[in-house]
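Naming convention: chains lettered A, B, ... in sequence-line order (proteins, then strands); numbering from 1 in each chain.
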Amino acid sequence: MTGKPASADVALPGRALTRLPAGVGVGFKPQHFSDILEAPGPVEWVEIHAENYMGAGGRPLAQLRALAERFPVSLHGVGLSIGGEGRLDADHLARLRRLAGWLDPASFSEHLAWSSHEGAYLNDLLPLPYTDATLDRVASHIDEVQEALGRRMLLENPSSYLAFAESTWSETDFLAELAHRTGCGLLLDVNNVFVSATNLGTDPRAYIAAFPLGLVGEIHLGGHAAEADETGAALLIDSHAAPVADPVWALYGEVIAAAGPRPTLIEWDSDVPAWPGLRAEAARAAAVLVGARA
Amino acid sequence: MTGQGAFRRALLDPAAAVPAGLVGPGGGPAARRFAVYRNNVAVGLTEALEAAFPILRRIVGDDFFRAMAGVFLRAHPPQSPCLADYGAAMPEFLAGFPPVAHLGYLPDVARLENALRRAYHAADAAPLAPGDLPAPADLAAARVTLAPAVCVIRSAAPLFGIWRFNTRADAPMPGTGPEDVLVTRPGFDPHVDLLPPGGAAFVEALDRGATLAAAAAAQGPAQDPAPTIALLLARGAITALHRADGGPALHDSAEARRNP
């Protein structure tokens with residue numbers, strides 16, 4: 001795809017990396033609806049999974065409208081399959097465009113991953129080989145998404161359990177090149193950095209040092225679970241079902257020290273605690289952000 | 001090169017070998033690592049089915065449901081990332097799944113649970129209040145618009161009794177005769193009601209655009225349509241009434257349905 005003009009040259013409305021405030025947000029869960037409106041504590045914004053709000057009406061959309069009146073909303077897709085070998089699902093992109101159209105979210109983000117193949121949706125963020133061919137395909141899909149939505153998107157680094165022998169790019173160079181070609185920003189999931197580095201035997205600090213922090217429009221923090229593979233090597237699972245682990249907090253502190261305050265999300269999707277538990281986790285991230293402003 | 005087709009086949013087939021070209025740290029084995037993705041797919045879709053079919057799960061038991069979900073998700077992976085739609089094929093699957101052949105009512109339970117989920121996500125619609133109805137003389141020739149959440153499930157089984165027995169602690173045992181049910185959504189929570197005899201034919205006829213008089217005829221001359229009309233009104237299931245003379249619709253809430 002040499003000679004292709006970088007789509008960053010194409011006029012995209014909303015050229016800023018994000019309209020989210022550089023404070024802390026939480027992944028919205030319906031059971032927290034009343035609590036988050038009445039006692040948000042340090043929480044300044046919320047993130048929703050786009051696929052949960054694509055129905056025609058009912059309680060989900062009513063709650064979302066009420067949230068959006070109060071908080072900036074980050075729209076986070078989990079099913080677009082941007083890394084898929086086939087074409088993007090036109091129906092799904094149309095649903096996303098409709099949702100983003102009326103919601104006008106402060107940010108839209110998706111994953112460097114694939115999840116659908118020939119019409120079957122596999123409900124997981126599946127890994128990609130980092131090759132020139134993958135790069136061309138993903139860049140073309142990001143162009144298509146940004147053009148359909150009329151906005152700049154953020155692309156999230158994955159959590160990896162394995163690698164592809166055929167990969168020729170490092171993940172950080174791959175993400176930087178995608179951002180360069182498409183004009184997209186990046187979503188840095190610090191837990192994913194720690195999980196992938198542990199699982200692949202690499203250094204998470206070297207990853208952060210190589211990451212284009214200037215392009216980071218949002219940070220994710222979530223919990224993981226610890227297992228082991230057949231050789232006894234550590235195998236961390238990106239579960240989003242636990243508090244953020246201490247080494248991930250340490251890494252996050254270093255990222256914020258280097259990059260300055262960035263919108264930071266606490267994501268907790270399974271075994272979700274009652275609101276005070278999630279709010280306490282958010283307060284811990286807020287303290288790091290406040291410290292960086294001082 | 002490790003293609004996504006091979007990756008997908010191995011994900012959904014626990015007996016398949018790990019695709020070539022996948023490695024752990026230092027080029028080490030990737031089997032246990034690939035199993036994480038395999039497990040994520042199976043567990044995630046099983047949990048989606050558990051959330052979609054709580055009554056089926058209660059009837060067949062947790063272990064049986066999980067095993068059955070494993071068969072279903074491999075035969076019918078989702079066709080959309082919107083998992084609220086997942087499971088549309090469950091009634092047909094159950095009808096052809098030999099281990100539950102003796103539970104002939106299960107497909108109807110699945111149809112009911114699919115209707116409840118569709119109702120939950122259906123477009124909002126402002127209902128017609130009982131006081132909005134014109135005089136009975138004008139009513140017979142009128143047609144109605146039903147709310148998007150409305151669904152009739154006909155069953156040869158005592159479907160209402162089965163639903164009630166599995167959702168309420170103090171419910172009586174189900175009866176034995178056939179029961180048709182009406183799914184509606186007054187407010188945000190879907191509601192299940194038993195339809196009187198002939199009620200299903202009456203509501204289906206209204207949904208096809210029949211006048212109230214023609215719908216009443218469709219349910220059989222021996223049946224009184226009044227209880228079903230009262231039920232539809234009580235559940236906010238009628239959103240507009242169209243006069244026979246083509247005059248302006250009464251309380252047409254089409255605006256409210258165009259959402260958002």
* **B:V23 vs A:F164, side chain to side chain contact (heavy atoms under 4.5 Å, CB included): CA-CA, chis, key distance, verdict** => CA-CA 6 Å; B:V23 294; A:F164 289 77; over 6 Å; no
* To do: Apply the test side chain to side chain contact (heavy atoms under 4.5 Å, CB included) to residues A:H92 and B:C82: give CA-CA distance (whole Å), side-chain angles for both, the deciding distance (0.1 Å), then the verdict.
  => CA-CA 9 Å; A:H92 195 60; B:C82 299; 4.2 Å; yes
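Top candidate by heavy-atom pairs under 4.5 Å with chain A, chosen from B:V41, B:D85, B:V36, is B:V36. Considering only heavy-atom pairs separated by less than 4.5 Å from chain B, the leading option among A:L128, A:L99, A:V78, A:L162 is A:L162. When each of A:G77, A:A133, A:G201, A:G119 is checked for heavy-atom pairs under 4.5 Å with chain B, A:G119 comes out on top. Contacts with chain B were tallied for A:A165, A:S167, A:A50; A:A165 has the most, counting heavy-atom pairs under 4.5 Å. Interface check for chain B: of the options A:E51, A:R59, A:R95, the most heavy-atom pairs under 4.5 Å are formed by A:R59. By number of non-hydrogen pairs under 4.5 angstrom with chain B, the leading residue of A:P129, A:P60, A:S116, A:G83 is A:P60. Heavy-atom pairs under 4.5 Å with chain B were tallied for A:G101, A:S270, A:P127, A:S160; the largest tally goes to A:P127. Taking chain A as the reference chain and counting heavy-atom pairs below 4.5 Å, the highest number among B:P29, B:A42, B:G28 is found for B:P29. Among B:P78, B:G187, B:P77, the residue with the largest count of heavy-atom pairs under 4.5 Å with chain A is B:P78.
A distance of 10.0 Å separates CG of B:L73 from CG of A:L122, quoted to the nearest 0.5 Å. For the atom pair CZ (B:F188) and CD (A:Q63), the distance works out to 8.0 Å, reported to the nearest 0.5 Å. From B:S80, atom OG reaches atom CE of A:M54 across 8.5 Å, with rounding to the nearest 0.5 Å. Rounding to the nearest 0.5 angstrom, the gap separating the NE2 atom in A:H117 from the CG atom in B:L12 is 11.0 Å.
Classified by interplanar angle (parallel below 30°, tilted 30° to 60°, perpendicular above 60°), the ring pair A:Y161/B:Y37 is perpendicular.
Contact annotation for B:A84: neither backbone nor side-chain heavy atoms come within less than 4.5 Å of a heavy atom of chain A. Residue A:D91: no heavy atom, backbone or side chain, is found under 4.5 Å from chain B. With a 4.5 Å cut-off on non-hydrogen atoms, B:A31 touches chain A through its backbone and its side chain both. Contact annotation for A:T198: neither backbone nor side-chain heavy atoms come within less than 4.5 Å of a heavy atom of chain B. For B:R185, the part lying under 4.5 angstrom from a heavy atom of chain A is the side chain only. Neither the backbone nor the side chain of A:L103 comes within contact range of chain B; no heavy atoms are under 4.5 Å apart.
The list of ring pair (Phe, Tyr, Trp, His ring centres under 6.0 Å) pairs with a residue in residues 50-78 of chain B, not counting sequence neighbours, reads B:F72-B:H76, B:F72-B:Y86, B:F72-B:F93.
Side chain of A:E166 to main chain of B:G21: no donor-acceptor pair is present (N/O by atom type, distance under 3.5 Å, no hydrogens or angles). Under the 3.5 Å distance criterion, the side-chain polar atoms of A:Y121 are left unmatched by any main-chain donor or acceptor of B:L83. Under a 3.5 Å cut-off, the side chain of B:Q4 and the backbone N or O of A:G86 do not form any donor-acceptor pair.
For B:G5 against A:E85, the heavy-atom pair with the smallest separation is N-OE1, 4.3 Å. In terms of heavy atoms, A:N123 sits closest to B:G44 at ND2-C, 3.3 Å. What you find for A:A56 and B:A123 is that their closest heavy atoms are CB-N, 3.5 Å.
No more than 12 heavy atoms of other residues, nucleotides or ligands shown are found within 6.0 angstrom of CZ on A:R97. Within 6.0 Å of CD on B:Q79 lie no more than 12 heavy atoms contributed by other residues, nucleotides or ligands.
Classification of A:R65 and B:D124 as a salt-bridged pair holds, one side-chain N sitting under 4.0 Å from a carboxylate O.
Identified by a heavy-atom distance below 4.5 Å to chain B, the contributing residues of residues 226-240 of chain A are A:E227, A:A228, A:D229, A:E230, A:T231, A:A233, A:A234, A:L235, A:I237, in residue-number order.
Under the 4.5 Å side-chain criterion, counting only non-hydrogen atoms from C-beta, B:L11 is not in contact with A:D124.
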